[in-house]
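Written below as structure tokens is the structure these notes are about.
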Amino acid sequence: MRSICFYFQVHQPYRLRTYRFFDIGSNHHYYDEQQNRFIMRRVADKCYLPMNKLLLDLINEYGSAFKVSFSISGTALDQFEAYAPDVLDSYKALAATGNVEFIAETYGHALAALKSKEEFFEQVEMHKRKVEQHFGQLPTTFRNTELIYSDEIGAMVSEMGFKLMLTEGAKHVLGWKSPNYMYANAINPKLKLLLKNFRLSDDIAFRFSEQSWGEWPLTTEKFVDWLNDIDPKEEVVNLFMDYETFGEHQWPETGIFDFMRALPARVFSHSDFTFNTPSELAEKLQPVSSVHVPYPISWADEERDLTAWLGNELQDEAFDKLYSIKHKLDHCTDPDIIRDWRYLQTSDHFYYMCTKWFSDGDVHKYFNPYGTPYEAFINYMNVLSDFMIRVDEECQESSFQENLDQTIEKAAELGKVVKDKTVEIGKKVKKKVKDAKVNEMSLKDVASMSNAKIKELLRSVDVDELLVVLQDAGEDVRDRIIPNLGVRAKKKYEQLQGELKKVKKSDIKKYTANIEKELRNLFK
Amino acid sequence: MFGWEFPPHITGGLGTACYGMTKGLMKHDVEVLFVVPKAYGDEDQEAVRLINASDISIDFKDKKYEEYWQRITYMEIGSNLIPYVGPEEFRRIMEAKELESITSEDSVLSEKFEFSGKYGTDLMDEVKRYALIASAVAATSDFDVIHAHDWLTYAAGIAAKSVSGKPLVVHMHATEFDRSGENINQNVYDLERRGMEEADRVIAVSNMTRKIVIERYGIDPNKVFTAYNAVEPSDKPDQNYQRGVKDKVVTFLGRITFQKGPDYFVEAARKVLDKDPNVRFVMAGSGDMLNKIIKRVAELKMADRFHFTGFLKGDDVDHMFGLSDVFVMPSVSEPFGIVPLEAMRSNVPVVISRQSGVSEILVHALKIDFWDVDAMADSIYGLLHYEGLSKMFRRYGKEEVDNLKWENAAVKIKEVYESVL
């Protein structure tokens with residue numbers, strides 16, 4: 001059984017309002033709420049709601065045989081929450097069927113993968129959480145903004161733990177190879193790749209209503225015939241497209257909904273294809289080879305490169321300026337600033353600045369709220385200028401100041417702890433050392449003791465025993481003790497000297513032990 | 001070809017356009033016989049054979065001319081009409097006219113007419129006399145098409161057509177509505193309409209002008225064609241002009257009259273200065289609104305940042321562009337507008353109003369509505385502060401304008417000629 005893999009991109013940017021330079025520094029509201037709401041409602045009614053219902057009906061009809069996958073950008077999800085909760089509910093209903101896979105991407109539909117690994121990772125993580133929150137599944141498949149891919153980006157995606165990534169089956173990358181197999185990343189072969197079959201995808205997405213196209217009108221019969229024309233050894237046909245294709249780019253009058261409604265039945269009755277989600281395919285298929293993509297590709301335009309978003313002076317300046325402040329945001333906690341930071345990274349802002357279409361602008365004008373790339377650039381730069389001022393004021397400086405205070409405070413605290421600890425440890429060490437010494441102390445050590453200590457010792461020992469012991473002690477010990485003896489004890493000592501030989505050796509030993517015990521106690 | 005002026009003796013853009021056009025046509029093997037009211041002798045005659053209307057002799061006994069003279073008398077034009085002249089100058093000219101009128105009455109019957117070749121004094125008389133001369137030229141010269149530029153020469157064009165039977169093409173460089181707003185001079189309007197009605201083809205300098213011609217003059221759309229103006233690539237080497245000030249310079253260059261929108265430029269300047277005081281604004285030109293503008297600049301307390309140069313021409317214009325960082329043309333109504341092309345030729349980014357014909361063809365220019373002072377200020381600010389923009393303009397602007405050569409523009413005009421032959 002061969003597979004058809006449907007993947008739909010759902011994205012809406014936060015379009016900027018007309019933001020004049022005199023707003024810089026005084027007005028921090030950047031978005032054209034009215035337009036964003038209007039477009040979201042329009043697309044919801046023309047595409048999201050009817051198409052979601054259509055897919056839900058198909059899933060109810062065919063059960064597990066019909067499956068699709070989506071990636072919904074964070075900016076689109078946020079706008080669903082704000083303007084179209086009904087759309088969000090319809091996606092949740094699709095998620096609940098278990099036949100729909102939700103794919104991870106960058107939260108802000110950003111080009112971060114090309115500029116900042118850190119930001120890229122953060123945004124993907126953020127998006128994963130958002131998807132889990134809404135749809136109860138943690139994505140295991142990844143697709144980058146506009147299917148932008150290179151070996152390095154793939155390696156990063158693999159590092160994040162994804163098993164599978166979607167990208168474009170660009171002709172200049174594949175050469176003679178077919179996109180209808182599982183491939184792998186060139187740096188880390190653990191990451192599997194599904195490549196868009198751009199001919200069949202674009203037949204639906206772009207050419208469906210094009211009456212000058214030789215194959216118009218496209219019917220399910222014709223489409224399934226083409227599927228059957230594919231070499232039986234080939235495993236998967238990846239149909240990747242903008243979800244807005246249905247109802248928005250291709251109007252209902254073109255028959256696009258009827259086409260989609262009828263497609264599964266025709267596929268089941270006239271071909272050996274089934275519908276699978278990307279993660280199912282990641283389980284099922286093994287890579288036939290790796291693909292080498294040293295320079296980033298995308299799914300845009302004939303060139304399948306990045307020139308729709310980056311490359312001219314306007315785009316490059318805006319892009320570089322934007323990411324030049326990335327490090328300042330590391331310390332930022334202000335939720336408004338973080339939100340704007342994500343929204344300003346959306347690739348659409350750079351798309352509006354593209355100058356490629358001065359000559360053939362019609363296709364792109366539809367998506368572009370600006371008359372010229374120059375207007376788009378000026379407006380974006382005005383917004384960015386204000387944003388940079390805010391970041392400097394509210395994140396960078398304050399957090400630096402705070403940081404400094406905090407650091408000093410922490411250092412002081414740490415210093416105190418360290419000091420206490422040092423003292424404590426020092427004491428312990430000292431005591432240990434002392435204890436060890438004390439335990440080894442013997443009568444001989446008396447020679448090096450102060451008179452005060454010796455007197456203390458004399459008070460605590462049995463003087464008679466001491467006097468006996470003294471007979472046998474070394475001269476230096478005797479010289480230290482005798483001057484400290486009381487008058488009576490001295491006399492007694494002199495008496496004893498004569499009787500010395502009468503003292504038993506064992507007694508001396510015993511007495512010595514007693515005295516040494518007292519001696520040690522004295523120092524403990 | 002009937003024109004009113006020819007370089008270097010010009011007061012407006014018409015002479016420059018005619019010169020470029022004749023040069024462009026010559027490159028496509030079109031031979032031009034150019035008739036001006038007054039030739040000074042130092043005109044560039046590389047591209048054209050210049051005929052001085054003053055040198056044409058007329059035999060008044062020839063009945064044809066008498067007929068024509070009678071035919072055009074009903075087109076008598078109100079004598080208070082003087083285009084491109086402010087009220088003060090107008091009064092001065094009117095006084096001078098009284099003195100001249102004594103001699104001019106006599107000269108109508110003399111064999112050779114003296115033409116001043118300027119807009120102004122005795123204008124209507126000159127238009128009539130010029131028409132008379134035109135028919136004489138038409139009768140004695142060999143040509144295929146008559147091409148008349150602007151209403152001043154339409155009478156001549158009509159006369160030449162009636163004498164020779166050759167097709168007439170009239171060229172609308174500006175309409176009366178562009179010059180006067182809604183307070184049009186009915187006589188000029190009538191002459192313009194008459195000229196276009198009699199013409200086999202009408203050339204408009206922009207789609208905007210074409211639309212006015214069709215809607216407000218009721219001319220058959222099928223015979224009205226748009227042919228954009230062009231600019232000759234500069235033959236002067238790029239000069240590095242020494243800047244006296246560190247500040248960025250934003251320039252307005254044109255007549256200081258209502259239709260050029262100088263007042264909007266002033267308001268935008270104030271808005272830019274509120275945000276960035278390190279900018280200087282220059283208004284180059286003269287006109288009837290100058291005093292009002294100066295007053296407004298003082299009122300907005302920016303006289304130290306806003307400078308007036310008076311009327312500039314020739315090298316001074318290049319010098320001004322050499323010092324400019326942004327050029328603004330906020331015209332309320334501009335049939336074409338060639339100055340922004342000259343600015344771009346000097347690598348100066350331009351902000352132009354959408355109410356100009358040139359905005360129809362320029363890609364690498366910022367376009368705003370003349371009344372949208374906020375957008376104008378925003379564009380100026382963007383060009384001064386975001387380097388990516390000026391880089392783009394340096395890269396594409398000059399290239400774009402260098403491609404707008406008369407050599408290319410003349411193709412369209414030649415096609416119009418061919419359509420009537």
Could you measure the distance from the [atom1] atom of [X] to the [atom2] atom of [Y]? Nearest 0.5 Å is fine.
| X | Y | atom1 | atom2 | value |
| --- | --- | --- | --- | --- |
| A:Thr355 | B:Arg395 | OG1 | CZ | 7.0 Å |
| B:Leu389 | A:Met353 | CG | CE | 9.5 Å |
| A:Asp316 | B:Met392 | CG | CE | 10.0 Å |
| A:Glu317 | B:Lys391 | CD | NZ | 6.5 Å |

Under 6.0 Å from the [atom1] atom of [X], do we count more than 12 heavy atoms belonging to anything else shown?
| X | atom1 | answer |
| --- | --- | --- |
| B:Phe258 | CZ | no |
| B:Glu299 | CD | yes |
| A:Glu152 | CD | no |

Please state whether the side chain, the backbone, both or neither of [X] comes within less than 4.5 Å of a heavy atom of chain A.
| X | result |
| --- | --- |
| B:Asp374 | both |
| B:Leu366 | side chain |
| B:Ala365 | backbone |

What's the shortest heavy-atom distance between [X] and [Y], and which atoms?
| X | Y | value |
| --- | --- | --- |
| B:Val272 | A:Phe21 | CA-CZ, 3.6 Å |
| A:Glu375 | B:Lys367 | OE2-O, 4.2 Å |
| A:Asn382 | B:Tyr386 | OD1-OH, 2.6 Å |

(message) With a 4.5 angstrom heavy-atom cut-off, is it the side chain or the backbone of A:Ser385 that approaches chain B, or both, or neither?
(response) side chain
(request) Check whether A:Glu313 gets within reach of chain B through its side chain, its backbone, both or neither, counting any heavy atom under 4.5 Å. (result) both
(message) Heavy-atom pairs under 4.5 Å with chain A: which of B:Gly382, B:Ala377, B:Ser379 has the most?
(response) B:Ala377
(message) Ring centres under 6.0 Å, that's the criterion: do B:Tyr381 and A:Phe22 meet it?
(response) no
(request) Assign the ring pair B:Phe393 / A:Tyr374 to parallel, tilted or perpendicular, where the plane angle (0 to 90°) is split at 30° and 60°. (result) parallel
